[in-house]
Every structure is written in structure tokens, then in C-alpha cells.
Amino acid sequence: MKGRHSCWLAPAAFLLDRFTKLLACRLLTPGRHIEAIPGLFRFTLARNTGAAFSMLAGRQTLLLCITGLAIAGMILFQVFKGGKEPPLFQAALWLLIGGAAGNFLDRFVYGSVVDFIETIFIRFPIFNVADVCITVSFGLIVLSMLLQEKERKKYA
């Protein structure tokens, strides 16, 4: 299997997301906050029936289909073509798969995604570990592409 060296990132991201969501559901109650880092972060239990920033809220079947197809496509890419990509790109894609799978499972089982990390210093939607993995993975993909371009120009 190509792209295998970083495939552990997908289950690691998925399991960390599951663990933190289960912990949040056990320790938090709706409407109450637990201050994590005063002035920066707190934990607040919330449910999101949409995608990022609540887009497509309430369209669970559509979101499940899109996410399921995206996860399957990324896994197939990694298995058959991923080995040709730079290691940073491969790692980012595995991290993205793990995060997407975490939110997919929530949507499939509960009909909504469990969110619990709230920023205090800026107004931003409440999010979860899967969202962090997805966001970081996009940043790593962009970085990988920039590094590839720099490398191409170096030898052009």
C-alpha cells in the first residue's frame, strides 16, 4: 500500500476525536461552560446539524453522502496514488481522513456533530478535535503544495 508511512494519523485523529467527544458529553451539560484557559478557551457542549459554520444545517443525508464519498475517495487515492505524493501531503490527507471520519460517525449515529471547544478571545463557532484535524490538514496541504512549487522552480 502506497502512502502507508503516515496512515496511522487517520485512526489516531479519529480516536482522539471520539475520546474527547465522549468526555465532553459526560462532563458538560448544555448551557454551562467550563473555563479551560481563562480569557482564551472554554468548553461548551453544542450540537451542529450542519457542516462548517453550520452550512447545510439539517441536511444530514446530503452531508453523510458527501462526507462518505469524500472519505472513500481520499482513501482510494492514498492506496493507489498516494505514494507518489510528498510525505507532508500524504500525512495531511490521512489527518483529513481521520477528522472527516470522526464527524461522519457523529452525524451517522446522532444526527449532529458534537462540538465543545469555544474560543473566548475571538468570536468563532464552537468546534471539536475533528475540526482541528481538518483545518490543520488543509494548512499542511497548502504548505506541501508551496514546497513542491518551490522545488520545481529550483530545478527549472
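The figures that follow rest on heavy atoms only: side chains count, while hydrogens, waters and symmetry mates do not.
Note: Cys25 SG to Asp106 CG = 7.5 Å, rounded to the nearest 0.5 Å. Note that CD of Gln60 is 9.5 Å distant from OG1 of Thr67, once rounded to the nearest 0.5 Å. Taking CZ of Phe138 as the reference point, atom SG of Cys133 lies at 12.5 Å (rounded to 0.5 Å). Rounding to the nearest 0.5 angstrom, the gap separating the CD1 atom in Ile66 from the CZ atom in Arg107 is 9.5 Å. Once rounded to the nearest 0.5 Å, the distance linking CD of Gln148 with CG of Leu88 reads 9.5 Å. Rounded to the nearest 0.5 Å, atoms CG (Leu16) and CG (Leu9) are 11.5 Å apart.
A continuous path of Ile, Leu, Val, Met, Phe, Trp and Tyr side chains, each step under 4.5 Å between heavy atoms, connects Leu64 with Phe14, placing both in one hydrophobic cluster. With hydrophobic clusters built from ILVMFWY side chains whose heavy atoms lie under 4.5 angstrom apart, Phe41 does not share a cluster with Leu23. One hydrophobic cluster, built from ILVMFWY side chains closer than 4.5 Å, holds both Tyr110 and Ile71. Hydrophobic clustering, with ILVMFWY side chains joined whenever heavy atoms are under 4.5 angstrom apart, keeps Phe108 apart from Val113. Residues Leu27 and Val114 do not share a hydrophobic cluster, defined by chaining ILVMFWY side chains whose heavy atoms lie under 4.5 Å apart.
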Please list every donor-acceptor pair under 3.5 Å in which a side-chain atom of residues 115-122 meets a protein atom from a residue at least two apart or in another chain.
from	atom 1	to	atom 2	distance (Å)
Asp115	OD1	Asn128	ND2	2.8
Glu118	OE1	Arg42	NE	3.0
Glu118	OE1	Thr44	OG1	2.6
Glu118	OE2	Arg42	NH2	3.3
Thr119	OG1	Ile122	O	2.9

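Annotation: side chain to side chain contact (heavy atoms under 4.5 Å, CB included) contacts of Ala12 (sequence neighbours excluded): Trp8. Residues forming a side chain to side chain contact (heavy atoms under 4.5 Å, CB included) with Val136 (at least two apart in sequence, or on another chain): Leu95, Val132, Leu140.
Listed here is the closest heavy atom pair of Thr49 and Ser112: CG2-CB, 3.9 Å. Across all non-hydrogen atoms, the minimal contact from Ala130 to Asp17 is N-OD1, 3.0 Å. Nearest heavy atoms, Trp94 versus Ser6: CD1-OG, 3.3 Å.
Here the side chain of Gln78 pairs a donor or acceptor atom with the backbone of Gln90 at under 3.5 angstrom. Under the 3.5 Å distance criterion, the side-chain polar atoms of Ser144 are left unmatched by any main-chain donor or acceptor of Ile141.
Using a 30° and 60° split on the angle between ring planes, Phe127 and Phe124 fall in the perpendicular class, above 60°.
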